[in-house]
Amino acid sequence: TSVTARSSNVRFAGQVGGGSEAIYVLGNRAYVGEGPSLVILDVSNLAQPTVLGKTAPLPGFVSAVMAVGTRAYAADSFGGLHIFDGSAPT
């Protein structure tokens with residue numbers, strides 16, 4: 001089967017931001033590595049994802065993201081592991 005035939009049952013729902021190399025979803029929150037920043041999104045409405053918070057740029061591009069409870073973990077290509085409290089993102 002062609003790619004077009006296999007993807008015909010997938011519908012575009014919404015989009016936020018630019019190039020992303022790391023994404024992790026926990027409940028209604030998506031943790032997205034957007035270039036050198038970690039962005040926390042509310043994805044409860046897929047047609048309109050809402051930015052809840054965004055970090056200042058990290059030393060390198062975010063290459064891996066994980067979240068447990070209210071903590072978000074982001075690894076970047078130069079600065080190692082960064083840990084953020086996502087309980088009240090701004």
The reported gap from CE in M66 to CZ in R71 (rounded to nearest 0.5 angstrom) is 15.5 Å

Does F61 share a hydrophobic cluster with V39, counting links as ILVMFWY side-chain heavy atoms below 4.5 Å and allowing steps through other members? no

Minimum heavy-atom distance between S87 and R29, given as atom pair plus value: O-NH2, 4.2 Å

Once rounded to the nearest 0.5 Å, what's the spacing between atom CD1 of I23 and atom CG of L41? 9.0 Å

Closest approach of V62 and E21, non-hydrogen atoms and distance? O-CB, 3.9 Å

V32 side chain near L38 side chain, heavy-atom distance below 4.5 Å: no

Name all residues meeting the side-chain contact (heavy atoms from CB on, under 4.5 Å) criterion together with A67; count only those two or more places apart in sequence or in a different chain, and write none if there are none. Y24, L26, Y31

Apply side-chain hydrogen bond (donor to acceptor under 3.5 Å, both in side chains) to D42 and list each qualifying residue two or more places apart in sequence or on a separate chain. S44

In Å, rounded to the nearest 0.5 Å, how long is the span from CG of L52 to NZ of K54? 13.5 Å

Over all atoms of both residues, closest heavy-atom pair of L58 and D76: CB-OD2, 3.8 Å

At their closest point, which heavy atom of F84 faces which heavy atom of T55, and how far apart are they? CE2-CG2, 3.6 Å

What are the two closest heavy atoms between S77 and G60, and how far apart are they? OG-CA, 3.6 Å

